[in-house]
Amino acid sequence: MSKVYICTAIPYVNGNPHIGHAMDYLLADTYARYHRLKGDEVRFQVGTDEHGNKVFSTAQKNHIPVEEYVQENSDKFREFIKRLNISYTDFVRTTDPEHVRSVQEVWKKLEPHIYSAEYDGWYCEGCERFVTQKEYEENEGCCPDHQKPYQKLSEHNYYLRISDFKERIRSAIESGEMRITPEFRKQEMLRLLEDAPDISISRPRKQLTWGVPVPGDDDQVMYVWVDALSNYISVLGYPDSDDMKEFWPAAAQFVGKDILRFHAITWPAILLGIGLDLPKNLVVHGHVLSNGQKMSKSLGNVIDPMEVLNRKGLPAFRYFFLRHIDSFADSDFTNEKFENAYNNELANDLGNLVQRLATLCKKNDVAGVQSELKLTSEFCALMDKFEFSKALDLVWGKIQQLNKQIDEQKPWELAKNGESERVQEVLRDLERGLVDTAQLLTVFLPETAQQIIDIFTAKAVVPPAQPLFPKN
Ligand code: MSP
């Protein structure tokens, strides 16, 4: 049994959770459930990123005191995470006093690598990111992600000397000490690292009031990313805690492609600067698109995750994201694809199988079976490589195989011919196959899998009153 620490990006609380946010949670949850199944002890962090100008100015626009605004929105994320049945163990808010104290410790430890200088350049508030002149020119002065002109900044800042760590970070990425999945993202980061500049890590208080004060300088507030990235260790009680010793470094951190640069360069620089090991894996997912396009209010194609959840239920939601949204590339969410997956796979393949088999068992007085966990090496190999949708394909192959088996062996005909011993044998074999498959399914669809296990391990098998996935 090992101790495994799993982290997710913490969203800004300047709006409601959207369907894209589900990606980090579902991937991390699947990985966490897999490790628990293997008997590992799992710590699993989620949380909210509450400081910075972006959050502050949205609160102001809404005429709500910022403390109230962040509380309200942080609660919405907490609810969303619960609604997704995410098996997290720790929820961190960057406004938590323990977090603030911890980040200030990070800063103090980093001081040998910090210097002060003038910043004269560009900033994107949407990304909360300092932008180089080269990038400014390439994008003609406008952030492609946020469609807003970059702001001109001329101010005094503290800088983190990234150059102190570049070679060490490069070798960690190249050697796989900090593995970046998928491979093409690793190459992207190695290229970016080549001319990664030192980074500004503070803002003058007159420019940014909503943030963590820089220790020893009342005129400066920490840059929101230094504050936010530190959540991964503050939640374990950095600097002094047994949990840090036991759970750090993280086994895997799940992030979206847009924020990989902060996790592959800034975060390792901070960790190396304070003498900590690097996370073992950075797992990078693409973006969820709506009808092939980035979701945006102006295009009117934003998908409300709550609406989908309420309409189709959690298992269907988890299933679609984990099997049909590519884990690594950008992927399209459309209602049509969702409905097809629901009807053809969940209702026809799985729901029908459970109903048919349970009905046959009941009719022929076949009791449930004992179950023993069988994790196959093929399944584990895919899970260890974070190929979750392929692992789910594998599970689905087993479900289809069981459907084929039932069709070929025709237990109802055996019963009609009075071959009762053979009926028992065939049905028990199918039950065993289904329970074994459901064990693997628990990492993806915990509620459905448990329901199946309960049905087919009970003394008397009772078909569910309602099909597991009723068709509309
Ligand atoms: N606050 C920062 C993260 C700090 S982590 C120390 C942030 N917040 S965010 O709200 O913009 O994004 C949170 C997560 O959601 C990121 O992993 C991001 O990539 C992901 N996604 C945001 N939009 C997404 C999609 N449309 N699709 C998939 N993931 C998306 O960045």
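Order of appearance sets the numbers: ligands from 1, and atoms from 1 within every ligand.
Under a 4.0 Å heavy-atom criterion, Glu128 is not in contact with ligand 1. For Gly286, the heavy-atom gap to ligand 1 drops under 4.0 angstrom. Using a 4.0 Å cutoff on heavy atoms, Trp267 does not count as a contact of ligand 1.
Per-residue contacts place Ala228 under 4.0 angstrom from the following atoms of ligand 1 (heavy atoms of the residue considered): 6 (C). For ligand 1, the atoms sitting less than 4.0 Å from at least one non-hydrogen atom of His21 are 10 (O), 13 (C), 15 (O), numbered in the order shown with element in parentheses. Close approach of ligand 1 to His287 is summarised as follows: ligand atoms under 4.0 Å from at least one heavy atom of the residue are 19 (O), 24 (C), 25 (C), 27 (N), 28 (C), 29 (N), 30 (C). Ligand-side atoms of ligand 1 in range of Asp49: 1 (N), 2 (C), 4 (C), range being under 4.0 angstrom from any heavy atom. Taking every non-hydrogen atom of His285 and a distance limit under 4.0 Å, the qualifying atoms of ligand 1 come out as 28 (C), 29 (N). Atoms of ligand 1 lying under 4.0 Å from any heavy atom of Gly256, numbered from 1 in the order shown and given with element: 17 (O), 19 (O). For ligand 1 and Tyr232, the ligand atoms under 4.0 Å from any heavy atom of the residue are 5 (S), 6 (C).
Not one N or O on the side chain of Trp122 forms a donor-acceptor pair closer than 3.5 Å with the backbone of Gly141. Under the 3.5 Å distance criterion, the side-chain polar atoms of Asp40 are left unmatched by any main-chain donor or acceptor of Met1.
Between Tyr12 and ligand 1, at least one pair of N/O atoms sits closer than 3.5 Å. For Gly20, a nitrogen or oxygen atom sits less than 3.5 Å from a nitrogen or oxygen atom of ligand 1, counting backbone and side chain alike. Considering both main-chain and side-chain atoms, Asn231 never comes within under 3.5 Å of ligand 1 through any nitrogen or oxygen pair. Considering backbone and side-chain atoms together, Met295 places no N or O closer than 3.5 Å to any N or O of ligand 1. Distances between N or O atoms of Asp258 and those of ligand 1 include at least one value under 3.5 Å. Residue contacts with ligand 1: Asp24 is placed with a nitrogen or oxygen under 3.5 Å of a nitrogen or oxygen of the ligand (distance criterion only).
Considering every non-hydrogen atom in both Gly237 and Met244, the closest pair reads C-CG, 4.4 Å. Residues Leu26 and Arg318 come closest through the heavy atom pair CD2-CG, 3.9 Å.
A salt bridge is absent between Lys206 and Asp219; no separation between the charged side-chain nitrogens and carboxylate oxygens falls under 4.0 Å. Salt bridge annotation for Lys245-Asp242: present, with a cationic side-chain nitrogen under 4.0 angstrom from a carboxylate oxygen.
Contacts of Phe262 with ligand 1, taken as heavy-atom pairs under 4.0 Å, are absent altogether. At a heavy-atom cutoff of 4.0 Å, ligand 1 is contacted by the side chain of Trp225 but not by its backbone. Contacts with ligand 1 closer than 4.0 Å are made by side-chain heavy atoms of His18 only, the backbone lying farther away.
For the salt bridge (charged side-chain N to carboxylate O under 4.0 Å, His left out) with Asp164, the lone residue among Arg161, Lys166, Arg168 that qualifies is Arg161. Screening Phe444, Phe338, Trp396 for a ring-ring contact (aromatic ring centres under 6.0 Å, His included) involving Tyr319 leaves a single residue, Trp396.
More than 12 heavy-atom neighbours from other residues, nucleotides or ligands sit within 6.0 angstrom of NZ on Lys337.
Of the candidates Val284, Val224, Ile10, Ile303, the one placing a heavy atom closest to atom 3 (C) of ligand 1 is Ile10. For the residues Val288, Val226, Asn14, the heavy atom positioned nearest atom 26 (N) of ligand 1 is part of Val288.
In this structure, a donor-acceptor pair under 3.5 Å is present between the side chains of Asp24 and His285. Checking Gln187 against Glu183 by side-chain atom types alone, a donor-acceptor pair falls below 3.5 Å.
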- Task: Could you give me the CA-CA distance, side-chain angles and deciding distance for Glu50 and Arg93, then say whether salt bridge (Lys or Arg N to Asp or Glu O under 4.0 Å) is met?
- Result: CA-CA 7 Å; Glu50 305 188 9; Arg93 300 180 57 191; 2.7 Å; yes

- Query: Do His35 and Tyr31 pass the side-chain contact (heavy atoms from CB on, under 4.5 Å) test, and can you show the C-alpha distance, the side-chain angles, and the key distance before you say yes or no?
  - Reply: CA-CA 6 Å; His35 273 284; Tyr31 195 58; 3.2 Å; yes

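The protein atom (non-hydrogen) at minimum distance from atom 31 (O) of ligand 1 is Ile259 CG2, 3.3 Å.
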